[in-house]
Asker: 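Pasting a structure below so you can have a look.
Just so it is clear, the model here is predicted, and its values are computed rather than measured. Just so you know, these numbers use all the heavy atoms, side chains as well, and skip hydrogens, waters and symmetry mates.
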Amino acid sequence: MAVLGIELGSTRIKAVLIDGCGAVLGSGAHDWENRFEDGIWTYHLDDVWAGLADAVAQVLPAAPAERIESLGVSAMMHGYLAFDGENNLLAPFRTWRNTSTARAAAELTELFGFNIPQRWSVAHLYQAILNGEPHVEKIAYLTTLAGYVHWRLTGEKVLGIGDASGMFPLTDGAYDPLMVEKFKALTGMDWNAAAPRILRAGESAGALKEPFCGIPAGTPVCPPEGDAGTGMVATDSVAPLLGNVSAGTSIFAMAVLEKPLKGVYPEIDMVTTPTGSPVAMVHCNNCTSDLDAWFGLFGELLRLSGAEMKKAALYDLLYGQALNAQPGAGGLLSYNYYSGEHITGLETGVPLFLRRPDSALSLGNFCQNLLFSSVATLKLGMDILTGKEGVHLTSLRGHGGLFKTKLVGQRVLASALGVPVTVSATAGEGGPWGMALLALYMLEKGDGLSLETFLAERIFAGAVEETVGPDPGMAESFAQFMDRYERGLPVERMAAEWITPL
């Protein structure tokens, strides 16, 4: 048996092939990058299909395409892909990274009494209405990136419930009927007529309508999901009171709740697991992009010097230096804002590095400062969840690029949040592995297993994991950094306003 999981992430399109026990048979990746065009963060859809073909081709040597028994597609959650009745794209794909929907998000939050983040599909749609964009009246179908790819592959206009919960608020597994009516009264649009049909994990979502990269037509495809849902699956964090952190280009923490939150907070999204359980989500647009840029600069210097060092080894070296930093990262400060950040109220951002003349500029301090900056905004959002709402998490499970260097990213996050962080040997595979598990679960659900039981007993029972608790010295260092970080936010706001694009 072979099962394929695909995820279209922010910087890579990734594919993972697994066997019937969840073990990885092969993986592949295609690098891509969003474009900032006409004031919009976007990807061209031609690049979607070229990248998918490349990533999938890399895994097929591990198992013949005709042996693949099911597959699933995941992608960056939220965003805006609008089509007319003849399946023509009406506007450039607007990704989760755009922070140009502040008015729409605020008005909808007040109307619904439910937090509507700027990146949600309904916020993009309403902002387009407020802007008077002519394409709105032609909309016949609105979906996410995962929903779009699934639709093209199968002909089915469906979406996994986790991804759907990032388009419009849900109640009992459906778009909330009262909010649908309020939206119709406000705009004249029937959300249900344009939105994908919602499915839960384990349900059939159709089959390939024609061969895809050699995989035969008729191969079953599971419901498409967002990267938040696949992150929960990849970390076995779908049961109540479990939490996980996905850390790569963006960073977000998920806490599966036993009951809804008491308040409405713009910093906290309410979404669901792939089976529909309520989840509190703290999402930050920016995480490792600035760190990657600086580490790339160090790599360029090494190449110019004639040294040869693979990227993974370079990252291990520089992450390791962060453990040798002085208290408070030597007084250094950076903001990793490649784009705006709703938690700190920035519509746009610029990466920024600051230091006083008496700050200690060393490699260790600099690397620790970059890692601290990568998780600082998440800390601000999590303080609301754990403080005001009293959500108690005994541990978090991490996955994504921040954790590829062994133990360091874990120690930073655990010390920042004050919670032990567990990372499994499969954490580096992340979302595409989680998507493959959902495709496998669709085949296995006939045994009557819940997703929680399937993951706990069939996949993670013998998992190799490492847990790192908060380090008192690093926790104090991070606290000093956060004090500077919060006091320096007006400088970042001013920089974002005055430092314009070239």
Asker: Could you list all the side-chain hydrogen bond (donor to acceptor under 3.5 Å, both in side chains) pairs where at least one residue sits in residues 233-243, not counting sequence neighbours?
Answerer: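 Residue pairs with at least one partner in residues 233-243: T235-S237.
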Asker: Aromatic contact between F295 and Y315, with the criterion being ring centroids under 6.0 Å apart: yes or no?
Answerer: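 Yes: the rings meet the under 6.0 Å criterion.
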Asker: Check the orientation of Y175 and F168. Use parallel for under 30°, tilted for 30 to 60°, and perpendicular for over 60°.
Answerer: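 Geometry flag for F168 against Y175: perpendicular rings.
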Asker: Inspect the surroundings of CD in E110 and state if more than 12 heavy atoms from other residues, nucleotides or ligands are less than 6.0 Å away.
Answerer: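 No, the 6.0 Å shell around CD holds no more than 12 heavy atoms from other groups.
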Asker: If we ignore angles and hydrogens, is there a donor and acceptor under 3.5 Å between the side chains of S74 and D227?
Answerer: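 No.
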Asker: Backbone N or O of I40 within a donor-acceptor pair of the N98 side chain at under 3.5 Å?
Answerer: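 Not at all, since once roles are kept as given, no pair shorter than 3.5 Å links the two residues.
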Asker: Any Lys/Arg nitrogen of E133 or R94 sitting under 4.0 Å from an Asp/Glu carboxylate oxygen of the other?
Answerer: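 So E133 pairs with R94 through a salt bridge.
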Asker: Taking all atoms of both residues into account, what is the closest heavy-atom pair of N365 and A329, and its distance?
Answerer: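 For N365 versus A329, the nearest heavy atoms are CB-O, 3.4 Å.
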Asker: If we ignore angles and hydrogens, is there a donor and acceptor under 3.5 Å between the side chains of Y265 and E389?
Answerer: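 Side-chain D/A pair, Y265 to E389: present.
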Asker: Step through it carefully: locate the ring centre of F112, locate the ring centre of W191, and say whether they are under 6.0 Å apart.
Answerer: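 No, they do not, as the ring centres are separated by 6.0 Å or more.
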Asker: Would you tell me whether N285 and S250 have side-chain atoms, one donor and one acceptor, within less than 3.5 Å of each other?
Answerer: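 Checked: N285/S250 side chains show no N/O donor-acceptor pair below 3.5 Å.
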Asker: Checking side-chain contact (heavy atoms from CB on, under 4.5 Å) against L402, which of V423, V412, L371 comes through?
Answerer: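 Result: among V423, V412, L371, L371 is the only option passing the side-chain contact (heavy atoms from CB on, under 4.5 Å) with L402.
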Asker: Show me the pairs that pass side-chain hydrogen bond (donor to acceptor under 3.5 Å, both in side chains) and involve residues 470-479, at least two apart or across chains.
Answerer: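 Residue pairs passing side-chain hydrogen bond (donor to acceptor under 3.5 Å, both in side chains), neighbours aside: Q368-S477, E476-Q480.
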Asker: Please name all residues satisfying ring-ring contact (aromatic ring centres under 6.0 Å, His included) with Y337, sequence neighbours left out, ordered by chain then number.
Answerer: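 Result, ring-ring contact (aromatic ring centres under 6.0 Å, His included) vs Y337: none returned.
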Asker: Does the structure place the NZ or CZ of K157 under 6.0 Å from the centre of the six-membered ring of Y141, at an angle of no more than 45° from the ring's axis?
Answerer: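 Yes, K157 and Y141 form such a contact.
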Asker: What distance separates K388 NZ from T386 OG1, expressed to the nearest 0.5 Å?
Answerer: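 Rounded to the nearest 0.5 Å, the NZ-OG1 separation comes out at 11.5 Å.
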Asker: Does a side chain donor of either T230 or E7 reach within less than 3.5 Å of an acceptor in the other side chain?
Answerer: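 Yes, a side-chain donor-acceptor pair sits under 3.5 Å.
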Asker: Is the shortest side-chain N to carboxylate O distance from E107 to R103 below 4.0 Å?
Answerer: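 A salt bridge links E107 with R103.
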Asker: Do V158 and P196 make a side-chain contact, defined as non-hydrogen atoms from C-beta onward lying under 4.5 Å apart?
Answerer: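 V158 vs P196: side chains apart.
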Asker: Tell me every residue that passes ring-ring contact (aromatic ring centres under 6.0 Å, His included) with F481, counting only those two or more places apart in sequence or in another chain.
Answerer: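 Testing F481 for ring-ring contact (aromatic ring centres under 6.0 Å, His included), a comparison that skips the adjacent residues, returns F372, Y485.
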Asker: Students often mix this up, so state it plainly: with edges at 30° and 60°, are the rings of F114 and W120 parallel, tilted or perpendicular?
Answerer: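 Tilted: the ring planes of F114 and W120 meet at 30° to 60°.
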Asker: Which residue pairs pass the salt bridge (Lys or Arg N to Asp or Glu O under 4.0 Å) test with at least one member in residues 359-386, sequence neighbours excluded?
Answerer: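 Listed once each, the pairs are K379-D383.
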Asker: Would you find a donor on one side and an acceptor on the other, under 3.5 Å apart, between the side chain of N369 and the backbone of S334?
Answerer: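 A pair under 3.5 Å: yes.
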Asker: Only counting residues at least two apart or in another chain, list the ones meeting ring-ring contact (aromatic ring centres under 6.0 Å, His included) with H283.
Answerer: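 Counting only residues at least two positions away or on another chain, H283 forms a ring-ring contact (aromatic ring centres under 6.0 Å, His included) with W96, F252.
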Asker: Just wondering, are more than 12 heavy atoms of other shown residues or ligands nearer than 6.0 Å to CG in D38?
Answerer: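 Counting neighbours around CG of D38, 12 or fewer heavy atoms of other residues, nucleotides or ligands fall under 6.0 Å, so no.
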Asker: Does any donor atom in the side chain of R97 or N34 lie under 3.5 Å from an acceptor atom in the other side chain?
Answerer: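 Looking only at side-chain atoms, N34 and R97 do form a donor-acceptor pair, the distance falling under 3.5 Å.
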Asker: Please tell me if the side chains of I343 and C284 come closer than 4.5 Å, counting only heavy atoms from C-beta onward.
Answerer: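 They are in contact (side-chain heavy atoms under 4.5 Å apart), so the answer is yes.
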